[in-house]
Amino acid sequence: ERFINVIQKKQWRRKKLMAILFTPPQCRTFSSPVFNNHVAGETIPSPHSLKLKTSSAENWCSRFRSKSLSLAFSGALALGLSLSGVGIAEAAKVGVNKPELLPKEFTSVIDVAGFLSDGQEKRIAEEISDLEKDTGFKLRVLAQNYPVTPGLAIKDYWQVDDSTIVFVADPTFGNILNFNVGASVDLDIPRSFWSRLAGKYGNMFYWKEKGEDASIEAAVMAISSCLREPVGANNCAEVY
């Protein structure tokens with residue numbers, strides 16, 4: 001009986017591994033952590049349910065993305081499509097909703113972690129305002145140290161939609177840069193851009209040497225430059 005149990009456990013582990021390996025590549029790219037795609041609380045389908053057909057993969061990815069906003073905000077940081085690779089899957093399972101941490105007056109930059117000076121917040125907010133006027137895309141920045149975060153409350157506060165990029169700066173799990181990208185933005189900006197951005201300015205060596213504020217400002221300027229480029233095969237090929 002014990003021998004049979006061991007075999008069953010091995011078979012279960014093998015199926016679980018196969019399910020991860022056969023996750024559609026277009027979805028796996030963002031399944032690292034935080035926004036990063038954990039996605040928190042999401043159960044990875046088995047190979048049998050996926051059937052490895054293109055249509056099945058696309059349908060699964062569609063459901064994956066449709067849940068990204070709610071899952072991301074419930075974890076407060078990581079945003080279901082985590083493009084950075086910082087893992088907050090477990091943390092994101094614990095929903096956070098603290099509207100009391102939100103500023104009374106609207107602002108595109110919320111710093112509950114104290115990473116930014118008043119001058120830096122102002123500069124970033126001005127850059128975001130100009131970017132929205134020029135491109136129509138809405139960049140929103142939340143600096144936090146999980147679990148001290150407004151969490152779910154930012155979704156309604158910022159009226160997050162398909163044209164919104166939510167940038168969560170949180171060093172808790174290593175890489176400080178985490179992004180949740182709206183569907184409209186996803187059509188114009190290569191997904192690899194977000195991973196490269198997190199790799200350049202979000203890695204632990206960078207923000208520990210330069211400071212969290214430097215990582216945040218550098219990322220905002222890189223996003224602004226990217227979104228202003230003409231849409232094409234080579235747009236956002238470089239992270240400035």
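As the structure is a prediction and not an experimental result, all values here were calculated from the model.
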**Message:** Between Trp158 (side chain only) and Thr107 (backbone N and O only), is there a donor and an acceptor less than 3.5 Å apart?
**Reply:** yes

**Message:** I'd like to know whether CZ of Phe106 has more than 12 heavy-atom contacts from other residues, nucleotides or ligands below 6.0 angstrom.
**Reply:** yes

**Complete:** In short, Gly174 meets Met204 closest at the heavy-atom pair CA-CE, 3.6 Å

**Message:** Is any side-chain heavy atom of Val185 closer than 4.5 Å to one of Trp194?
**Reply:** yes

**Asked** Between Thr172 and Asn145, is there a donor-acceptor pair closer than 3.5 Å when you use the side chain of the first and the backbone of the second?
**Response** no

**Complete:** Contacts satisfying salt bridge (charged side-chain N to carboxylate O under 4.0 Å, His left out) that involve residues 108-127 (not counting sequence neighbours) are Arg123-Glu217, Glu127-Arg228

**Fill in**
d(Leu131 CG, Leu227 CG) to nearest 0.5 Å is 5.0 Å

**Complete:** Scanning both residues in full, the closest heavy-atom pair of Leu197 with Ala219 reads CD1-CA, 4.0 Å

**Item:** Heavy-atom check, side chain of Pro99 versus side chain of Tyr157, under 4.5 Å
**Value:** no

**Asked** How many angstroms lie between atom CZ of Phe167 and atom CG of Leu139, to the nearest 0.5 angstrom?
**Response** 8.0 Å

**Item:** Tyr206 backbone acceptor or donor facing Glu209 side chain under 3.5 Å
**Value:** no

**Prompt:** Taking all non-hydrogen atoms of both residues, which atom of Pro147 and which atom of Lys98 are closest, and how far apart?
**Reply:** O-NZ, 3.7 Å

**Asked** What closest approach, in Å, do Tyr201 and Ala222 show between heavy atoms, and which atom pair accounts for it?
**Response** CE1-CB, 4.3 Å

**Item:** Gap separating the OG1 atom of Thr149 from the CG atom of Leu142, nearest 0.5 angstrom
**Value:** 5.0 Å

Counting only pairs under 3.5 Å, give me each side-chain donor-acceptor contact of residues 231-238, with atom names and distances, residues two or more places apart or in other chains.
unit_1 : atom_1 : unit_2 : atom_2 : d
Asn235 : ND2    : Asp188 : O      : 2.9

**Message:** So, taking the atom named OG in Ser224 and the one named CG in Asp130, what distance separates them when rounded to the nearest 0.5 Å?
**Reply:** 8.0 Å

**Asked** Has the side chain of Ser225 got a donor or acceptor atom that lies under 3.5 Å from a matching backbone atom of Met221?
**Response** yes

**Message:** Let's go through Lys155 and Val166 carefully: what are the C-alpha distance in whole Å and the side-chain angles of both, what is the deciding distance for side chain to side chain contact (heavy atoms under 4.5 Å, CB included) to 0.1 Å, and is it a yes or a no?
**Reply:** CA-CA 9 Å; Lys155 184 177 181 181; Val166 178; over 6 Å; no

**Prompt:** Roughly how far, to the nearest 0.5 Å, is OG of Ser195 from CG of Leu177?
**Reply:** 11.0 Å

**Message:** For Phe115, is there any backbone N or O sitting under 3.5 Å from a side-chain donor or acceptor partner on Asp213?
**Reply:** no

**Shortest non-hydrogen separation from Arg191 to Asp186 and the atoms involved** = NH2-OD2, 2.8 Å

**Asked** Can you tell me how far OG of Ser163 sits from CG of Leu187, rounded to the nearest 0.5 angstrom?
**Response** 10.0 Å

**Prompt:** Closest approach of Thr164 and Arg140, non-hydrogen atoms and distance?
**Reply:** CG2-CG, 4.1 Å

